[in-house]
Amino acid sequence: FMKKITLLLTFLVAFGYSTYAQVSGYTFTQNSGTYTENSAGATAVAGALADSYMSDALPIGFTFNYDGNAYTQFKMSSNGVISFNMTGTSNLTSNDLSSANATSRPIIAPLWDDLDGRATGGSFANYEVTGIVGNRVLTVEWRNWEWNYNSSTAAISFQVKLYETTNVIEFVYRQEAGAVTSGTATIGIGSAMGSGAGSYLNVTNVATPAVSSSTSTTNINTKPATGQIYRFAPPSCAAPGGFVASAITSTTATISWSSSTPAPSNGYQYFYSDVNTAPTTPSASIAGLTDNLATLNSATTYYVWLRSDCGGTFSAWNGPFTFVTNCVSVTDFTQNFDGVTAPAMPVCFTRVGTTGTVNTQTATPASGVNTMYIYGTSAVNQAVVKLQPVSNLGAGTHRLKFKMRSNFTNGGIIEVGYLTNSSDANSFVVLGTTTASSTTYADYSVTPAAGVYTDDIAIRHTGVPANSILIDDIAWEPIPNV
């Protein structure tokens, strides 16, 4: 079997995916040197002495710039990789740098395979930082490692070295006495985002070392020679990373990014479009790290690419990153969820935050083919969905009417309110509450009192009790005359 590597990922609002990541621009060299074991004072990673293990966050000891992003922590896996991913959860089940691996990137893989750190005679997993400020080196070591998990003898020792300032990566190897058992390894580096060609750089052959960013190699079963060093150096003109879109409205947005290392002499260029087509010319050049976009279309996904201008030479384009503009506010709307393919949500109806569950489903609609499922599991895991914005939420003239039923168990509570920050579920303000009291659809409504609110009307499942709810045929409509 191929064991699972558990990793964490942070999803930042407005971050997109990068199909043209700059790791493919790293320079690969190989030479012979000396494998030097970490000292007795190195920090042990005892949990890695296992068949399947991923450590908690460990300190790099300095800021390491990789693929346009700055990192200060890493994780160590018993399967021969380190990752700079620190949050979220997912399982990684195959050693292929070309795959999306969205919940695992970026991956640094000196020997990614189904390995084991429990060799007869003892295995050692550790890391240490050496050198002086400005020239420090982090060395992560897998010593006396089984290759593969169903072996019992040490076949190989290997290290990852991260160099401060130069941001160079090195892999160093030492052969051990044990044989390789069914080896199918990957050796290389993977970008922070994206998949496919250009999002990785891997070694294709150990006997005559070479690399590729378009052919994924997952079948290495030959030990690199003792003292073999594989070196990956970042390009001298590196693309920026750390993209964030903020202050998003229906027609404007602010985009920003992190400085590349070294900083380019002539600043940066960016390109944006509502079409996912790689740029040939920039939309703008700018000396700083932020700019404002205007005259955008509402409810539209935009794609952004970034590159550095190093004075006559340019980095590769890094992107696309994505953001979505807000919807235009209306005075009335209806929504029956039938215009999408489940589990997708309609345009302008969006789950906010990372907690709870909101999606459409085909089972048990009140009408048509779809209904909306909403479920929070606790007071700290609530589900919030932003509805079509309205310009008259506080006018005191309209109500939110909808059909609702309990999914399985009665008692689930729905709150109607608004968001003071359209991308922050914690900014939800309650205007009214109602409880699902039957497993049969019934009409419910909430009429907000007149007041001063934002346009971002929203619904929240309280999570207490943790009883899921189905909602269909929503309407923001004038209060009927009695």
Side-chain angles (χ1 to χ4, degrees), residues 1-5 28 30-38 45 47-55 76-83 92-99 101 104 107-127 139-161 169-190 200-212 215-232:
F1 68 100
M2 179 65 194
K3 72 172 71 65
K4 296 178 180 178
I5 303 174
F28 172 79
Q30 62 89 21
N31 57 73
S32 297
T34 302
Y35 182 99
T36 302
E37 296 180 358
N38 278 350
V45 185
L49 305 180
D51 177 29
S52 183
Y53 175 79
M54 177 62 71
S55 74
M76 180 184 189
S77 167
S78 59
N79 286 339
V81 303
I82 65 170
S83 171
L92 183 62
T93 57
S94 63
N95 56 302
D96 186 350
L97 287 169
S98 71
S99 297
N101 298 323
S104 307
I107 297 168
I108 308 295
L111 192 70
W112 185 8
D113 206 346
D114 199 359
L115 308 181
D116 199 314
R118 299 175 294 183
T120 300
S123 299
F124 303 88
N126 55 64
Y127 67 95
T139 302
V140 185
E141 181 177 44
W142 296 256
R143 192 193 318 161
N144 299 340
W145 228 247
E146 298 172 33
W147 184 7
N148 266 358
Y149 73 94
N150 55 3
S151 178
S152 61
T153 58
I156 194 166
S157 297
F158 54 98
Q159 299 171 332
V160 170
K161 292 181 178 287
I169 302 165
E170 285 185 344
F171 302 158
V172 190
Y173 301 89
R174 183 179 72 189
Q175 295 186 359
E176 305 297 346
V180 177
T181 304
S182 303
T184 55
T186 295
I187 296 174
I189 58 176
Y200 65 94
L201 192 64
N202 66 190
V203 174
T204 57
N205 192 305
V206 169
T208 54
V211 292
S212 174
T215 300
S216 177
T217 301
T218 61
N219 60 355
I220 292 174
N221 57 13
T222 302
K223 299 178 189 179
T226 294
Q228 176 71 71
I229 299 173
Y230 296 146
R231 189 174 191 266
F232 299 85

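If you read the sequence from its start, that first residue is 1, and numbering goes on from there. The structure presented is a predicted model; accordingly, all values stated were derived computationally and were not measured.
- K223 places a side-chain N or O within 3.5 Å of a backbone atom of A155 that can act as its donor or acceptor partner.
- Between the S77 side chain and the M54 main chain, no donor and acceptor come within less than 3.5 Å of each other.
- In summary, the side chains of S157 and E176 do present a donor paired with an acceptor at a separation below 3.5 Å, with no hydrogens or angles considered.
- Residues W112 and T218 have side chains not in contact (no heavy-atom distance under 4.5 Å, counting atoms from C-beta outward).
- Counting all heavy atoms, side chain and backbone alike, A48 lies closest to W145 at O-CZ2, 3.3 Å.
- Judged purely by atom type and a 3.5 angstrom limit, N148 uses its side chain to pair as donor or acceptor with the backbone of S182.
- Once rounded to the nearest 0.5 Å, the distance linking CD1 of I189 with CG of L201 reads 5.0 Å.
- Residues A109 and F171 come closest through the heavy atom pair O-CE1, 3.4 Å.
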Criterion side-chain contact (heavy atoms from CB on, under 4.5 Å) on Y127 and V160, from CA distance to verdict: CA-CA 9 Å; Y127 67 95; V160 170; over 6 Å; no

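- Taking the side chain as every heavy atom from C-beta outward, L115 and F158 approach each other to under 4.5 Å.
- Using a 4.5 Å cut-off on side-chain heavy atoms (C-beta onward), N95 and N79 make no contact.
- Q159 pairs in a side-chain contact (heavy atoms from CB on, under 4.5 Å) with only one of the listed residues (N38, V140, N126), which is N38.
- N219 CG to N221 CG: the interatomic distance, rounded to the nearest 0.5 Å, is 7.0 Å.
- Of all non-hydrogen atoms in E37 and E141, the two that sit nearest each other are CA-OE2, 3.4 Å.
- Judged by distance alone, with hydrogens and angles left aside, the side-chain atoms of Y200 form a donor-acceptor pair with the main-chain N or O of T215 at under 3.5 Å.
- Scanning all heavy atoms of the two residues, the minimum distance from P209 to Q30 falls at CB-CG, 3.8 Å.
- Taking 4.5 Å as the limit, some side-chain heavy atom of Y230 sits within range of a side-chain heavy atom of F28.
- The backbone N or O of Y53 sits less than 3.5 Å from a side-chain atom of S78, completing a donor-acceptor pair.
- Atom NZ in K161 sits 3.0 Å away from atom OG1 in T139 (nearest 0.5 Å).
- To the nearest 0.5 Å, atom CG of residue D96 and atom OG1 of residue T217 are 9.5 Å apart.
- Counting only distance, with no hydrogens or angles, the side chain of S32 and the backbone of Q228 share no donor-acceptor pair below 3.5 Å.
- Rounded to the nearest 0.5 Å, atoms OG (S55) and CD1 (I82) are 9.5 Å apart.
- Just one of T153, D116, L111, T181 meets the side-chain contact (heavy atoms from CB on, under 4.5 Å) condition when paired with W147; it is L111.
- A heavy-atom distance below 4.5 Å is not found between the side chains of I156 and W142.
- Summarising the geometry of S151 relative to A179, their closest heavy-atom pair is OG-O, 4.5 Å, with the distance given to 0.1 Å.
- No donor-acceptor pair under 3.5 Å is formed between the side chain of S152 and the backbone N or O of T120.
- Of all the heavy atoms in T34 and V172, the pair that sits closest is O-CG1, 4.1 Å.
- Checked against ring-ring contact (aromatic ring centres under 6.0 Å, His included), F124 has no partners two or more places apart in sequence or in another chain.
- A donor-acceptor distance shorter than 3.5 angstrom exists from the side chain of D113 to the backbone of T184, with no hydrogens or angles considered.
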